[in-house]
Amino acid sequence: MRVNYGYIKVGLLLVLVVFLYAFSSMRNATRIVETPQIKFVDDDNLFVTHETVSKLLIQNQESVANKPKDIIDLNRLESALNSNPMIKQAQVFMTVDGIITAEIEQKKPIARVSTNASYYIDETGSFMPLSTNRTARVPLITGFVEKNDLANVYAIAKKIQSDDFLLKHIVVIHQNEDKTIDLKFRNHDFNIHLGTLKLLDKKINNLKAFYKKAMKDKSLDNYKLVNLKFDKQVICTKK
C-alpha cells in the first residue's frame, strides 16, 4: 500500500500549530501582571491623586500587581474607578505583555457650594466632593441650596464659566429662598440682583453695559445695589 506522505506532513503540521497555540495561550494566561500604569487625560491640577486611583485598582481586596493575567477582571476595575465621584470617565486596558493602564479623566468643577455642606458642582451639573489635593478657583455659591436640586445654580455657574467678563469679575453666586439669584463682583462691594434666570442673556448684557458706563464715569463704588430683574432697564441704588 502506498503511503501518502503529504497528508502525514499536513497532519503533523496541524498538531504542531495546535501545540504551539495551546502553549502560548497557557503561558500568556499565567503571565504575571506588573504594577498598573496610571495616566490622567488632563495631568494638570489634579483633584484625584495617583494614590487614590491605585487604591481603587484592587480585586478581591488585593492589588492586581503580581497576579496572573488570566484572573484580572478589567470591567470590574473600570467600574470601581468610574464609581469615584471625582472621576468623570475611566478606561482600563491590558497589553499582551500584562501591562495594565488606567486612563483617567477627572471631573472639572465650575462652582463651589458653601452652605451647610461644602462641595463642588462639576461641568455637567453633578455633585463633586472637595479635594484634599487641590482647591479650585471657582465662584462660591451661598444661600439656600440643596444637593438634590442644583439646576438653578448650575445654570448661572455654567453661564459664568462660558463668559470671559463674568469669569473675571463674579466671585459669589447667592441663591435666595425664592430661587432668585444675586451676584458679587471681585473688587466691588455692591450687590447685583439678577432675579430669576429668565432672559438671562439680556440681563447679562445690561450688566456689561452698566459696568462699562460706570467704569467710564468712575462711579462703580458709589452703588450698593444693581437691580437687573427687569430685562429692559437697570435700576441702581446709591450708597
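Owing to the predicted nature of the structure, the values given are computational and were not obtained by experimental measurement.
Listed for the Y154 side chain is a donor-acceptor partner under 3.5 Å among the backbone atoms of E123. Remark: side-chain polar atoms of Q175 are paired, donor with acceptor, to backbone N or O of F144 under 3.5 angstrom. The backbone N or O of M86 sits less than 3.5 Å from a side-chain atom of N84, completing a donor-acceptor pair. N82 places a side-chain N or O within donor-acceptor distance of the main-chain N or O of A90, the cut-off being under 3.5 Å. In this structure a side-chain-to-backbone donor-acceptor pair under 3.5 Å is missing from S118 to S114. The closest donor-acceptor contact from the side chain of K239 to the backbone of F190 lies at 3.5 Å or more, if one exists at all. Using a distance-only test at 3.5 Å, with no hydrogens or angles considered, a donor-acceptor pair links the side chain of K203 to the main chain of T196. Between the S162 side chain and the K158 main chain, a donor and an acceptor come within less than 3.5 Å of each other. Of the possible polar contacts, none joining the E105 side chain to the Q89 backbone as a donor-acceptor pair under 3.5 Å is found. A donor-acceptor contact shorter than 3.5 Å is absent between the side chain of R112 and the backbone of V138.
Rounded to the nearest 0.5 Å, atoms CG (L166) and CG (L183) are 7.5 Å apart. Atom CG of N191 sits about 4.5 Å away from atom CG of D182, to the nearest 0.5 Å. Between the CG atom of L57 and the CD1 atom of I100 there is a distance of 7.5 Å, given to the nearest 0.5 Å. For the atom pair CG (N176) and OG1 (T142), the distance works out to 8.5 Å, reported to the nearest 0.5 Å. Within the model, atoms CD1 of I173 and CD1 of I141 stand 4.5 Å from one another, a figure rounded to the nearest 0.5 Å. Taken from NE2 in H174 to CG in L194, the straight-line distance is 12.5 Å, to the nearest 0.5 Å.
Looking only at side-chain heavy atoms (C-beta outward), T237 and H193 stay at 4.5 Å or farther from each other. The shortest distance between side-chain heavy atoms of F185 and I170 falls below 4.5 Å. For the pair F40 and T49, the minimum side-chain heavy-atom distance is 4.5 Å or more.
When the side-chain contact (heavy atoms from CB on, under 4.5 Å) test is applied to A214, the partners found at least two apart in sequence or on another chain are F210, S219, L220. Every residue meeting the ring pair (Phe, Tyr, Trp, His ring centres under 6.0 Å) condition with F127, not counting sequence neighbours, appears here in chain and number order: Y119.
Among all heavy-atom pairs drawn from F47 and K107, the shortest one is CD1-O, 4.4 Å. The minimum heavy-atom distance linking L46 with H50 is given by the pair CD1-CE1, 4.1 Å. For the pair A80 and L56, the tightest heavy-atom approach, listed with the atom from each and the gap, is CB-O, 3.7 Å. Taking all atoms of both residues into account, the shortest heavy-atom contact from L74 to F93 is CD1-CA, 4.2 Å. Of all non-hydrogen atoms in V48 and Q106, the two that sit nearest each other are N-OE1, 3.7 Å. Considering all non-hydrogen atoms of both residues, I110 and P139 come closest at O-CD, 3.4 Å.
Counting heavy-atom neighbours within 6.0 Å of N116 CG, excluding the residue itself, gives a total of 12 or less. Counted within 6.0 Å of CD on Q233, heavy atoms from surrounding residues, nucleotides or ligands total more than 12; the atom is thus considered enclosed. Around the NZ atom of K224, the shell of radius 6.0 Å holds no more than 12 heavy atoms that belong to other residues, nucleotides or ligands. Around CZ of R186, the count of heavy atoms belonging to other residues, nucleotides or ligands within 6.0 Å exceeds 12. Heavy-atom neighbours of D164 CG from other residues, nucleotides or ligands within 6.0 Å: at or below the threshold of 12.
With side-chain heavy atoms closer than 4.5 Å counting as contact, directly or through intermediates, the hydrophobic cluster containing V172 also holds V171.
In this model, no donor atom of one side chain and acceptor atom of the other lie less than 3.5 Å apart for S131 and N133.
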Inset, instruction - Any chance you could lay out the side chain to side chain contact (heavy atoms under 4.5 Å, CB included) test for V53 and I104, step after step, and finish with the verdict? - result: CA-CA 9 Å; V53 174; I104 309 294; 4.2 Å; yes
Inset, instruction - Apply side chain to side chain contact (heavy atoms under 4.5 Å, CB included) to the pair K179 and D149, showing each step before the final yes or no. - result: CA-CA 11 Å; K179 288 196 173 183; D149 186 13; 2.5 Å; yes
Legend entry - V113 and I121: CA distance, side-chain angles, deciding distance, side chain to side chain contact (heavy atoms under 4.5 Å, CB included) verdict: CA-CA 7 Å; V113 175; I121 298 175; 3.9 Å; yes
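Taking the charged nitrogens against the carboxylate oxygens, K159 and D201 do have a contact shorter than 4.0 Å, which makes a salt bridge.
In the hydrophobic cluster analysis, where Ile, Leu, Val, Met, Phe, Trp and Tyr join through side-chain heavy atoms closer than 4.5 angstrom, L199 is grouped apart from F165. Residues L197 and V226 fall within the same hydrophobic cluster, defined by Ile, Leu, Val, Met, Phe, Trp and Tyr side chains chained together at heavy-atom separations under 4.5 Å. Criterion: ILVMFWY side-chain heavy atoms under 4.5 Å apart, direct or through other members. Under it, L167 and I192 are part of a common hydrophobic cluster.
Aromatic ring orientation, H188 versus Y211: perpendicular (interplanar angle above 60°, classes split at 30° and 60°).
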